Amino acid sequence: MAQSKIDFPPLTGRVVDQAGLLDPATEQALTEKLAALEAATTDQLVVVTVSSLQDQEIEDYGYQLGSRLGHRSEGKGQRRPADRRAQ
């Protein structure tokens, strides 16, 4: 059986709130903290919320999203999807 194409949200910044879970103040605060982290450590972290995993396991979705965004698993880079389902 062929897998259907997964539609990932575009990388538009350090915080991509496709699911609409974050209020503007929270999104701004997260963006500032992530920028400070990158400035201090050169580590890059992106927060992404999605409304659907499109029938994928969260680990698979996270891995594929990271690959799509150009993440490389070399060095200290890691992908850590977190399952936080909005109720």
Side-chain angles (χ1 to χ4, degrees):
M1 178 182 353
Q3 285 188 331
S4 60
K5 180 180 177 290
I6 300 172
D7 292 319
F8 295 107
L11 179 62
T12 56
R14 290 181 170 93
V15 178
V16 178
D17 185 23
Q18 183 197 49
L21 298 176
L22 306 173
D23 61 69
T26 300
E27 187 170 339
Q28 182 61 35
L30 277 171
T31 298
E32 291 170 6
K33 288 178 182 181
L34 296 172
L37 172 71
E38 184 176 347
T41 66
T42 72
D43 292 342
Q44 293 181 326
L45 179 67
V46 176
V47 173
V48 179
T49 71
V50 294
S51 55
S52 171
L53 296 175
Q54 301 174 56
D55 297 323
Q56 302 292 310
E57 294 294 324
I58 190 164
E59 296 84 2
D60 293 335
Y61 187 93
Y63 180 85
Q64 291 181 55
L65 176 62
S67 295
R68 171 78 180 236
L69 297 178
H71 178 276
R72 295 187 189 113
S73 58
E74 302 165 359
K76 61 183 176 179
Q78 298 179 8
R79 295 181 193 99
R80 292 189 180 169
D83 188 0
R84 305 285 190 261
R85 296 169 197 222
Q87 300 295 327

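This is a predicted model, so every value here is computed, not measured. All residue numbers in this chain count up from 1 along the given sequence.
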- line: CG of D55 to CG of D60, rounded to nearest 0.5 Å, is 12.0 Å

- prompt: More than 12 foreign heavy atoms under 6.0 Å from CD of Q54: is that the case here?
  reply: yes

- prompt: Where is the tightest heavy-atom contact between S51 and A19, given as atom of each residue plus distance?
  reply: N-CB, 3.7 Å

query: Closest heavy-atom contact between V15 and T12?
result: O-OG1, 4.4 Å

- prompt: Out of curiosity, does L45 fall in the hydrophobic cluster containing L21 (side-chain heavy atoms, cut-off under 4.5 Å, transitive links)?
  reply: no

For Y61 against L53, the heavy-atom pair lying closest together: CD1-O, 3.5 Å

- prompt: CG/L37 to CZ/R14 distance, rounded to the nearest 0.5 angstrom?
  reply: 9.0 Å

Give every donor-acceptor pair under 3.5 Å between a side-chain atom in residues 28-35 and any protein atom, sequence neighbours left out.
unit_1	atom_1	unit_2	atom_2	d
Q28	NE2	E32	OE2	2.9
T31	OG1	E27	O	2.9

message: Once rounded to the nearest 0.5 Å, what's the spacing between atom CD of Q64 and atom CD of E57?
response: 11.5 Å

- prompt: Under the criterion side-chain contact (heavy atoms from CB on, under 4.5 Å), which of V47, T49, L11 is the partner of V16?
  reply: L11

query: Do the side chains of V48 and F8 get nearer than 4.5 Å, heavy atoms only?
result: no

field: Atom of G13, atom of V46 and distance for their closest heavy-atom approach
entry: O-CG1, 4.0 Å

